[in-house]
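In this text the structure is predicted, and so the values were computed from the model without any measurement. In what follows, chains are A, B, ... by sequence order, proteins preceding strands, each numbered from 1. For the numbers below, each heavy atom of this structure counts, side chains included, while hydrogens, waters and symmetry mates do not.
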2 protein chains.
Amino acid sequence: MSHPKTITVDEAVVNCCSPIGAGALSELEAGDMAQIFGALSDPARLRMLSLIASEDEVCSCALEEPLGKSQPTISHHTRILAEAGLIAGEKRGRWMWWRVVPERLKVVARILSE
Amino acid sequence: MSHPKTITVDEAVVNCCSPIGAGALSELEAGDMAQIFGALSDPARLRMLSLIASEDEVCSCALEEPLGKSQPTISHHTRILAEAGLIAGEKRGRWMWWRVVPERLKVVARILSE
DNA sequence: TCATACTATTGACAACAGTCAATGTATTCA
DNA sequence: TGAATACATTGACTGTTGTCAATAGTATGA
């Protein structure tokens, strides 16, 4: 759609979120940012994210055991992290492989550090 | 209590939270981090934080109108932000004055950028 | 085509969170 | 002392969220 550039990440992922100290947030922007932080606001999802961030790629099937949650719960959480743009998944064969989106993490970090 | 040093912020505020990519998080650490992100996961609180961060100090009474929320709701949200260590308040006369805790924001940023 | 394996979706339920009216507490000022 | 003001707490209501069992979807391999 429109004019894709040479970057591989969606523009909306990076082109987002002014720093918290740069004047009052609009309701819209606050809502978008709240979604991201909401994705990070659950212990299971944070541990999941740290597991994925510690490897290049992690299979969904490799998350159930360390997190001690059922398969539907794992699927639920990966979905929320993905919708927030924090991880991205690719299906290969029967397996779903997840990796973090470092650009997105940096965006969130920048919100708080400027 | 114990031996206060020359820093003005509580140690627990800064001495917290290993980066997300540095190996699997413990359940305890994940819980602590989830509390912080939970405080940031509401649009009203984010707008509130941005209002406070844009000034040196902001009175509770100055938040009701721009946020369009009732006084108890404002009080509820400031409490949650304060419990997460993101803002600190001081009562002077009848007024409660809030300011951000920049060290805490930096801690959270570091979680995501390392 | 059938059986198996990995993931997603649905439905249900309990726990939690955001909101406000009513009330309580503390401070200022007459 | 009393009235007024700013904030906190309580209680109630509603909507959201985390969880899992059951089920559906999809890919692999015999």
Side-chain angles (χ1 to χ4, degrees), chain A residues 25 27-28 30-52 55 57-84 86-99, chain B residues 25 27-52 55 57-99:
Chain A
L25 257 49
E27 293 194 36
L28 210 94
D32 289 350
M33 282 166 61
Q35 190 217 352
I36 303 178
F37 288 119
L40 294 168
S41 72
D42 180 79
R45 283 196 292 272
L46 284 174
R47 301 214 295 143
M48 181 177 270
L49 189 61
S50 81
L51 286 169
I52 300 175
E55 311 274 344
E57 280 185 324
V58 175
C59 172
S60 278
C61 58
L63 295 169
E64 286 183 46
E65 193 246 313
L67 294 180
K69 305 281 179 186
S70 73
Q71 178 270 318
T73 299
I74 298 294
S75 180
H76 171 70
H77 286 313
T78 49
R79 167 195 257 255
I80 289 177
L81 286 174
E83 283 175 352
L86 296 165
I87 63 174
E90 188 188 351
K91 189 158 191 179
R92 289 204 297 274
R94 293 191 272 227
W95 295 275
M96 191 68 184
W97 293 94
W98 297 100
R99 53 185 174 72
Chain B
L25 258 49
E27 293 194 36
L28 210 95
E29 205 169 8
D32 289 350
M33 283 165 63
Q35 191 216 353
I36 304 178
F37 287 120
L40 294 167
S41 72
D42 179 80
R45 284 196 292 271
L46 284 174
R47 301 215 296 143
M48 182 177 268
L49 188 61
S50 81
L51 285 169
I52 299 175
E55 312 273 344
E57 280 185 324
V58 175
C59 172
S60 277
C61 59
L63 295 170
E64 287 184 44
E65 193 246 312
L67 294 180
K69 304 281 179 187
S70 73
Q71 178 270 318
T73 298
I74 298 294
S75 181
H76 172 71
H77 287 312
T78 49
R79 166 194 258 254
I80 289 177
L81 286 173
E83 282 175 351
L86 296 164
I87 63 174
E90 189 187 350
K91 188 159 192 178
R92 289 205 296 274
R94 290 191 275 227
W95 295 276
M96 191 69 185
W97 293 94
W98 297 100
R99 53 183 174 75

Give the rounded distance in Å between these two atoms: [atom1] of [X] and [atom2] of [N].
| X | N | atom1 | atom2 | value |
| --- | --- | --- | --- | --- |
| B/Trp98 | D/dA8 | CH2 | C1' | 11 Å |
| A/Leu63 | D/dC20 | CG | P | 14 Å |
| B/Glu90 | D/dA6 | CD | C1' | 16 Å |
| B/Gln35 | D/dT17 | CD | P | 19 Å |
| A/Leu67 | C/dT7 | CG | P | 13 Å |

Within this structure, what is the [atom1]-[atom2] distance for the pair [X] and [Y], rounded to the nearest 0.5 Å?
| X | Y | atom1 | atom2 | result |
| --- | --- | --- | --- | --- |
| B/Arg94 | B/Cys59 | CZ | SG | 11.0 Å |
| A/Ile74 | A/Arg45 | CD1 | CZ | 11.5 Å |
| A/Met48 | A/Thr73 | CE | OG1 | 9.0 Å |
| B/Leu46 | B/Ser41 | CG | OG | 8.0 Å |
| A/Ser50 | B/Glu29 | OG | CD | 9.0 Å |

> How does protein reach along nucleotides 22-30 of chain C, written 5' to 3' as B (base within reach of a heavy atom under 4.0 Å), S (only sugar-phosphate), or - (no contact)?
Replying inline: B----BB--
> What parts of residues 73-82 of chain A reach DNA chain D, counting only heavy atoms under 4.0 Å away?
Replying inline: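 The answer is A/Thr73, A/His76, A/His77, A/Ile80.
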> Looking at C/dT19, C/dA8, C/dC20, which one has an atom nearest to any side-chain atom of A/Met96?
Replying inline: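 Looking only at side-chain atoms, A/Met96 lies closest to C/dA8.
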Would a 4.5 Å heavy-atom cut-off, applied to side chains only, mark [X] and [Y] as touching?
| X | Y | result |
| --- | --- | --- |
| B/Arg99 | B/Glu90 | no |
| A/Leu49 | A/Leu40 | yes |
| B/Ser75 | B/Arg79 | no |

>> Would you say B/Lys69 places a side-chain N or O within less than 4.0 Å of OP1 or OP2 belonging to C/dC20?
In response: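 So the side chain of B/Lys69 is outside the cut-off, no N or O lying under 4.0 Å from OP1 or OP2 of C/dC20.
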> Within the structure, does a side-chain N or O atom of A/Arg45 lie under 4.0 Å from either OP1 or OP2 of D/dG18?
Replying inline: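 It does, given that an N or O in the side chain of A/Arg45 lies less than 4.0 Å from OP1 or OP2 of D/dG18.
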>> Does A/Ser60 reach a base, just sugar-phosphate, or nothing at all? Heavy atoms under 4.0 Å.
In response: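 Sugar-phosphate: the residue A/Ser60, judged by heavy atoms under 4.0 Å, touches backbone atoms but no base.
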Please output the side-chain donor-acceptor pairs of residues 60-69 of chain A that fall under 3.5 Å, not counting sequence neighbours, one pair per line with the distance.
unit_1: A/Ser60; atom_1: OG; unit_2: A/Trp98; atom_2: NE1; d: 2.8

